[in-house]
Amino acid sequence: METTIDRQANASRTSLLRERVMATKDPAALARLRDTSVTDARSLRASASEPSWPVRRGLLTRDRLAAMRFELDDLEPLIGRLRMPDWTGAEAEAARAYLAAYQLDFPGQTGHCELDLDSLFRLGIDGLRAHILSLPGSGRSSQEAGTSPAEPERPLDSDGGAQTVGDRGAERLGGTSAATEAETPAATEAEAYRTFADALDGLSLMIEATAETARVAELDALAGACAYIAHHPPRTFLEAIQLLWFVLIGVMHADRSWLVVPGHLDRTLWPYYEADLAAGRLTRDGALALIETLYIFINAYIPDGLAMSVMVGGRDAAGNDVTNDLSYLCLEAIRRTHMIYPTVGVCWHEGTPGALVDLAVELMGQGYATPAFFGDETIQRGLVALGVPPDEACRYINSTCVEITPSGASNIWVASPYYNTCGLLLEEIAAQAEGDPAPTFDAFVARYRRRLGDAIAAGVAEQDGFRRARQAGCRRPLQSVFTRDCLARGRDIEDAGARYNWIECSFIGLANLADALYVVREEIFAQQRMTLQQLKAVLDANFDGFEPTRQRFLNGYPKYGQGNPDVDALVAETLAFVTETCRGFTVAPDDSPYVPGAFAWVMHERLGRETGATPDGRRAGFPFADGCGPAQGRETAGPTAAVLSVTGWDHSCMIGGLAYNLKFNSALFRSDDGFTGLRALILTFLRRGGFEVQVNVVDAATLKAARAHPEHYRDLIVRIGGYADYFTRLTPEMQDELILRTEFERF
């Protein structure tokens, strides 16, 4: 039975755990925490006689996992803070020198996905390993595989010798030689299955070692839970959430696949929560405390400035709403943790319970920046258009910020690459000013689009090359085990094992581009007030000596976000061109689509810093608009007009991600009217086909005070271009950009 004392104890414990992370998190320490160089060198020396690189890579994942150790104390209800490696600087330096002969890091992207844990939670580690070794291409018959795993080769201890593995034997998996690419596909499958089994061995060994550490520390309940899930399926909510975190951190740390997200916790953990409540093993606040602890572990391990995501609500394959009590708890956990990770996205559709919407809006209005709303109907329509069956399109994740990937089946690269749409516009203006100017605006735009199309083609070629290099030399066996269809295909996730392998690129500065194109149309072609040569001179001067001209560009013409159909159409037309152009390309390893998006992360600031003045009146170096929203300060007709502009075109083709930021003065939320107005505005956005909307509720005065006295505002969290971050750690340019965003004082 839950008591007030229990709730207070949980709240106090969460507060202490949060403060510990906030006080001790350090970038240099995190870099050392994630360094596996000594383990890598030991592993690769030990496997030097193995002729197969994929097999050696599987052993490397196993040894990294087996070497992982965790900090424990009786304050934490779960285990999850990775322990700092105990090797010396000299050992690490010698290891890095040895590793210089190997290519362990490849260009391209990792992670950004939700794993498929269904088989693990159903079979347990031992059962899943036995299943892998019973598959036809594994090289083992079902009788040989048996019902329990064969014994692994012993991993290395800190002295480079063989680590004791309890009462396990030392039977070697498979043969002593493995297939090369020139041999039969069946042999290649056998290699892959061996690496999958080795990776699971490492996961089991990691959890066994953690159980022993907990036992020594007299944390008997956690020791027992870990000892059990090291081999068997989880039985309780605590065991399930503990195993989930072990898998997430194991994939990130041992497979170097960063930003693997918790995803739909309300779906993954619901059976355990429901059963534990019914049996009296768990209270609602006890479950909340465990979710909060998971959130804190994520913040302790992931460097600031990135993104991790949880998504709640949504629909199943039959179209039924799947919101449950855990959906509310995943949102509620934001309140007491109040850290940048994870963002919690509400997967909204017309059947989403009003209470879930109200909770998210309440948190937003109270200044919590990490909730967001995603348009489920819009996103599912986009996924189906990309070939995802409707019964799968209902389960997706914003893989970190707002990029969408199908859950449990993705090796999708997001934001790869970013395209500077305004930088390309300046190149086109320069080319025409110095050569043969276009005779009409349509001809001008056609030439610009050819340039943009060439940039898209170059980006595809680069990313395709990265993919081919990764397919040849990179392996991530633990991630593969939890990614459909790697087991069915007998292929690593980097070797075309995943079901979905498309690449999502992102186009930056679309609002600035539309505003700039409108000015070019009016100034150069319609009114003929200046030539392209004169425009280039003004822009090259960064408007110095031309302030009246800048003011005319900036304030004399309508802007995107003001409800003007002519400007809004320029965004729609650009994205229609982008979508059609991307549709003409495919990428390795399986001719997957090249999918556009328009979210920014921090790239609107970085690319803006590198780009000269633009015809919309923006000075050189200033950040571009983030995501799909208007440029800073230009929503002068109010939030409703801005929403109408932003939803005036089809968002479903932008599965690569769209983020729409709204900023409100906190004074609006001193009464219920503010929450009611925000709720109505968000639902208008979503019902008009909006992709994603996020909110900052903070006034400019607070942001300016935080910039002047960062020591007093260390936990002030703001939404940027799809992700959340601490305001005080942002660059001065990004801080300026946030301060200058339109701050609505009415709805």
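Bear in mind that the values here come from a model prediction, so they are computed numbers and not experimental data. Keep in mind that the numbers below use all heavy atoms, side chains included, and drop hydrogens, waters and symmetry copies.
- For Glu218, the CD atom is loosely surrounded, since the number of other residues' heavy atoms within 6.0 Å does not exceed 12.
- Using a cutoff of 4.0 Å between basic side-chain nitrogens and carboxylate oxygens, Glu377 and Arg315 are scored as salt-bridged.
- In this structure the side chain of Leu306 reaches within 4.5 angstrom of the side chain of Trp601, judged on heavy atoms.
- A heavy-atom distance below 4.5 Å is found between the side chains of Val260 and Cys113.
- At least one donor-acceptor pair closer than 3.5 Å links the side chain of Glu114 to the backbone N or O of His264.
- The shortest distance between side-chain heavy atoms of Tyr396 and Cys347 falls below 4.5 Å.
- Contact of the Val310 side chain with the Tyr295 side chain is registered, since non-hydrogen atoms from C-beta on lie closer than 4.5 Å.
- Applying the salt bridge (Lys or Arg N to Asp or Glu O under 4.0 Å) rule to Arg256 yields no partners; only residues at least two apart in sequence or on another chain are considered.
- Between the side chains of Glu208 and His231, at least one donor-acceptor pair of N or O atoms lies under 3.5 Å.
- Rounding to the nearest 0.5 Å places NE2 of His338 at 10.5 Å from CD of Gln366.
- With rounding to the nearest 0.5 Å, the separation of OG in Ser204 from CZ in Arg62 is 12.0 Å.
- Residues Pro477 and Asp255 form a side-chain contact, since some pair of their non-hydrogen atoms from C-beta on lies under 4.5 Å apart.
- The six-membered or imidazole ring of Tyr272 lies near that of Phe121, with a centre-to-centre distance under 6.0 Å.
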- Task: Could you walk me through whether Leu222 and Leu238 pass side chain to side chain contact (heavy atoms under 4.5 Å, CB included), step by step?
- Result: CA-CA 9 Å; Leu222 286 173; Leu238 183 147; 4.2 Å; yes
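- Between atom CD of residue Glu403 and atom CD of residue Glu692 there is a gap of 10.0 Å, rounded to the nearest 0.5 Å.
- Arg267 places none of its side-chain heavy atoms less than 4.5 Å from the side chain of Ser407.
- Between the side chains of Asn398 and Tyr723, no donor-acceptor pair of N or O atoms lies under 3.5 Å.
- With hydrogens and angles disregarded, no donor-acceptor distance shorter than 3.5 Å links the side chain of Asp126 to the backbone of His232.
- Without hydrogens or angle criteria, Thr110 side chain to Ser257 main chain gives no donor-acceptor distance under 3.5 Å.
- Looking at Ser327, its side chain does come within 3.5 Å of a backbone N or O of Asn324 through a donor-acceptor pair.
- Here the side chain of Asp316 pairs a donor or acceptor atom with the backbone of Asn320 at under 3.5 angstrom.
- Asn10 and Arg7 are not linked by any side-chain donor-acceptor pair at a separation below 3.5 angstrom, with hydrogens and angles left out of the test.
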- Would you sort out whether Asp285 and Thr283 count as a side chain to side chain donor-acceptor pair (under 3.5 Å), showing the intermediate values? CA-CA 5 Å; Asp285 199 68; Thr283 65; 5.9 Å; no
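- In this structure, the side chain of Thr210 engages the main chain of Met206 through a donor-acceptor pair within 3.5 Å.
- Checked against a 6.0 Å centroid threshold, the rings of Phe246 and Phe70 count as neighbours.
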- Query: Could you go step by step and tell me if Arg336 and Leu288 meet the side chain to side chain contact (heavy atoms under 4.5 Å, CB included) rule?
  - Reply: CA-CA 10 Å; Arg336 294 198 304 213; Leu288 175 61; 3.6 Å; yes
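- Remark: side-chain polar atoms of Ser480 are paired, donor with acceptor, to backbone N or O of Ile493 under 3.5 angstrom.
- The distance from atom CG of Asp725 to atom CD1 of Ile340, rounded to the nearest 0.5 Å, is 5.0 Å.
- Proximity of a side-chain donor or acceptor of His112 to a complementary backbone N or O of Val414 within less than 3.5 Å is not detected.
- Taking each heavy atom of Asp321 and Thr352 in turn, the nearest pair found is OD1-CA, 3.9 Å.
- In terms of heavy-atom proximity, Tyr341 sits nearest to Asn299 at O-ND2, 2.7 Å.
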- Query: Can you list the steps and then say if Asp358 with Glu362 is a side chain to side chain contact (heavy atoms under 4.5 Å, CB included)?
  - Reply: CA-CA 6 Å; Asp358 290 342; Glu362 173 193 329; over 6 Å; no
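- For an aromatic pair to be called close, the ring centres must be under 6.0 Å apart, and Trp502 with Tyr500 satisfies this.
- Geometrically, Arg34 engages Tyr301 in a cation-pi contact defined by less than 6.0 Å to the ring centre and at most 45° from the axis.
- Salt bridge status for Asp73 with Arg20: present, with a side-chain N to carboxylate O gap under 4.0 Å.
- Remark: Glu19 pairs with Arg714 by the salt bridge (Lys or Arg N to Asp or Glu O under 4.0 Å) rule, at least two apart or across chains.
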- Full working for side chain to side chain contact (heavy atoms under 4.5 Å, CB included) between Glu392 and Arg484: CA-CA 12 Å; Glu392 286 188 53; Arg484 302 186 305 272; 3.9 Å; yes
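- Atom OG1 of Thr370 is separated from atom CG of Leu331 by 8.5 Å, given to the nearest 0.5 angstrom.
- Residue pairs satisfying the side-chain hydrogen bond (donor to acceptor under 3.5 Å, both in side chains) criterion with at least one member in residues 233-245, sequence neighbours excluded, are listed as follows: Arg235-Glu239.
- Of the inter-residue distances, the one linking Thr337 atom OG1 with Ile291 atom CD1 reads 10.5 Å to the nearest 0.5 angstrom.
- Panel note: side chain Asp266, backbone Leu326; no donor-acceptor pair is recorded below 3.5 Å.
- Within 6.0 Å of the CG atom in Asp391, the count of heavy atoms belonging to other residues, nucleotides or ligands exceeds 12.
- The shortest side-chain heavy-atom distance between Ile298 and Pro262 falls under the 4.5 Å cut-off.
- In terms of modelled atom types and a separation under 3.5 Å, the side chain of Lys25 and the main chain of Ile302 share a donor-acceptor contact.
- Looking at Tyr273 and Asp325, their side chains do bring a donor and an acceptor atom within 3.5 Å of each other.
- Leu219 has its side chain out of reach of Ile79: every pair of non-hydrogen atoms, C-beta onward, lies at least 4.5 Å apart.
- Proximity of the aromatic rings of Phe669 and Phe675 is defined here by a centroid distance below 6.0 angstrom, and this criterion is met.
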